[in-house]
Amino acid sequence: MQTVLVLNGPNLGRLGAREPEIYGATDYAGLVTALEAHGASEGIAVEVRQTDSEAELISWLHEAVDRQIDVVLNPAAFTHYSYAVRDAAVQITKSGKRLIEVHLSNPHSREEFRHTSVISAVATGYIAGFGVNSYLLALTQLASK
Ligand code: DQA
């Protein structure tokens, strides 16, 4: 069975409590449940993780390269400035696997510092602005081969 790693960056463990008017009412546990259920309906195994640590996020991206699996990545604030996360992300696409960058909100409709993504240029694709559905759309795309 195909496995997809869904990786979430800093503050996403606070979903539901953190600015729900922007990020929605679903908490992190609800996100995990929705992703696992959607993965099951698409016939793929989904491993969902969240960290506030840049080093840990990078180690998970390395793991995806070594295991040769596709990734759905919400880099959260790292999106806007982490060249270290970008350098890890590019290894996924260069190794022939797919990396889809997702965001709950639409960063381009928000503060100017959010308009820059240092990740997008090395991602296979980008889905933003649809809340939890941004992730589900990414899983559907990865399941379709
Ligand atoms: C986010 C958007 C980022 O700008 C922000 O730093 C986040 C969440 C999103 O999912 O909309 O933490 O990645």
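Indexing begins at 1, ligand by ligand and atom by atom, following the structure's order.
Under the salt bridge (Lys or Arg N to Asp or Glu O under 4.0 Å) criterion, Glu63 pairs with Arg49, Arg67, sequence neighbours left out. For Glu42, the salt bridge (Lys or Arg N to Asp or Glu O under 4.0 Å) test picks out no residue, with sequence neighbours left out. For Glu21, there are no salt bridge (Lys or Arg N to Asp or Glu O under 4.0 Å) partners at least two apart in sequence or on another chain.
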List of N/O pairs, ligand 1 versus protein, all under 3.5 Å?
unit_1   : atom_1 : unit_2 : atom_2 : d
ligand 1 : 4 (O)  : His80  : NE2    : 2.7
ligand 1 : 4 (O)  : Arg114 : NH1    : 2.8
ligand 1 : 6 (O)  : Ala77  : N      : 3.2
ligand 1 : 6 (O)  : Arg114 : NH1    : 3.1
ligand 1 : 10 (O) : Asn74  : ND2    : 2.9
ligand 1 : 10 (O) : Leu104 : N      : 2.8
ligand 1 : 11 (O) : Leu104 : N      : 3.3
ligand 1 : 11 (O) : Ser105 : N      : 2.9
ligand 1 : 11 (O) : Ser105 : OG     : 2.6
ligand 1 : 12 (O) : Arg18  : NH1    : 3.1
ligand 1 : 12 (O) : Arg18  : NH2    : 3.0
ligand 1 : 13 (O) : Asn74  : OD1    : 2.8
ligand 1 : 13 (O) : His103 : ND1    : 2.8

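Under the 3.5 Å distance criterion, with hydrogens and angles disregarded, no donor-acceptor pair is assigned to the side chains of Thr79 and Glu101. Side-chain N/O atoms of Gln50 and Asp52 include a donor and acceptor closer than 3.5 Å.
Two residues are said to be in side-chain contact when any heavy atoms from C-beta on lie closer than 4.5 Å; Leu7 and Leu57 meet this criterion.
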